[in-house]
Structure formats: structure tokens, C-alpha cells
Amino acid sequence: MSVYRDVLIVTDVQKDFCPGGPLAVKDGNAVVPVINKILKMEQFDRVVGTQDWHPRDQVSFASNNAEKYPFEQIVIGEITQTLWPDHCVAGTDGAKFHPDLNTDMFDLIIRKGTNPSVDSYSAFLENDKKMKTGLDGYLNSVGADRVYLCGLATDYCVYYSAMDAAGFGFKTYVIIDACRGIDVPKGNIDRCIAEMKKKGIEIITTEKLKDRR
Ligand code: VGL
Ligand code: ZN
């Protein structure tokens, strides 16, 4: 056991974000074997899985906004919100984890985006940057120092979760070969990677995980 408490966060590896789903991330399913391999390395003190878990009337669904289409933006109060195809509706098949993802080692599963009027990309804070999911409290209570993120999507839920993890004071790493992104608007993945680096988040690969302890 290391002096550090290391937590892996497996972000939104759900059917609806994989090929064939309504909000398919290009090659989204390719993260599954990579994450399974990471889990097998048993290098983490805790593993958290997240699920995007929306009510049908979630404001970020284009279908809930008259004459609006997926990938357009709307302004709700002070929040600029991108609109999406309906996805990850709570309790539906598409909201399930990818069937090949090994979830046996998940200590905690956190569901987010459950508030109809505010979306949540981050596993820590809803898009209003105020309402908490409770994940920061969990990480503090298990004594986490370092947070490692992987999953979907690089430029949305992984990005927002990583920025908040760093904001809450955790040393934060993104395992980039275990992530895939949406890249809307075009260039968004590269922009997010640059922003994360600017915040002190380390972008690493699975290969680099092996000998870090
Ligand atoms: C996500 C868009 C909408 C994600 C979730 O998991 O990255 N992206 N909802
Ligand atoms: Zn969502």
C-alpha cells in the first residue's frame, strides 16, 4: 500500500455513448478493454464508476426544447448549455454500463445529471458549478490524494470532472488512451487537453501507470 491514496474514476462507459447509441462517441467502445486492463493492475485504493443518469425531461435534451436541434446551444440563466439527443435516461437499457466493462471492482457508483433543470457533465458539480453530487466528500472521507480519470467523453464528462477534481485540490491525472471524445465543436478535444494541462492536470497513458508507485 502506497502512502498515497489513489482513486480511479471510470467515467460514463455506458451503452448510449458507444457505437449504435444515440450519442455515440467515435470508437467509444475501444476504451472498454483498456479500462479492464487498468482495473486488473489493481493499483488503486478505490474505484468509482459514474453514470450519466437523466430524467426524461432533462433540459439538455434537444427534444425538450421547442424548435431546437442536437448540438445547438441555449442559454439558461447564466449557463450556456449544449443540447443533446436523448441519452442515458435513468433506468433504460442505454443507461447501463457497456456489457463488457468489468464493474466488479467498483467501490462506488455515482449517478449524475439527475436534476431535470440543470445538466451535469462533471461527476463533482452540476453545470451551475454549485450543486454537488457528493463525490468530493467521498474522496475526502477515504483520504484520496490522487485522482485518475478515464472513460467518456474526453471533452465533456472526463474534462469537467478532471477540472473539478483539480479544483477540489486532488492531484489529477487523465489516462488519455483510456478516453474517447465527442469533438463538438471541432477541435474541442485538443482545446480541453490544453486547458487541463494549464490547470496542472497530467495527461498520461496506461503504459505510464505501471511504474508510478
Ligand atoms: C456526456 C454529453 C452529454 C459525457 C454526457 O458523458 O461526456 N456528454 N452528457
Ligand atoms: Zn448527458
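Residues take their numbers from the sequence shown, with the count starting at 1. Start at 1 and go down the list; that is how both ligands and their atoms are numbered.
Between Tyr159 and Tyr121, the gap from one ring centroid to the other reaches at least 6.0 Å.
Salt-bridge formation is detected for the pair Asp6/Arg146: a Lys NZ or Arg NE/NH1/NH2 atom is positioned less than 4.0 Å from an Asp or Glu carboxylate oxygen. We find that Lys197 and Glu202 are not joined by a salt bridge, their nearest charged nitrogen and carboxylate oxygen being 4.0 Å or further apart. Salt-bridge formation is detected for the pair Lys112/Asp52: a Lys NZ or Arg NE/NH1/NH2 atom is positioned less than 4.0 Å from an Asp or Glu carboxylate oxygen.
With the Zn ion (ligand 2) as the vertex, OD2 (Asp52) and NE2 (His87) define an angle of 90°, rounded to 10°.
Residue Asn188 is tested with Thr154, Asp183, Asp155 for a side-chain hydrogen bond (donor to acceptor under 3.5 Å, both in side chains); the sole match is Asp155.
Among the atoms of His54, an N, O or S atom falls under 2.8 Å from the Zn ion (ligand 2).
Closer than 4.0 angstrom to ligand 1 by heavy atom are Asp12, Phe17, Leu23, Asp52, Trp84, His87, Tyr121, Leu152, Ala153, Tyr156, Cys157, Ile182, sorted by chain and number.
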Practice task
For the pair Leu108 and Leu135, evaluate side chain to side chain contact (heavy atoms under 4.5 Å, CB included) and give the outcome as yes or no after the intermediate values.
Solution key: CA-CA 10 Å; Leu108 175 76; Leu135 182 56; 4.2 Å; yes
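Taking all atoms of both residues into account, the shortest heavy-atom contact from Pro85 to Phe71 is CD-CZ, 4.2 Å.
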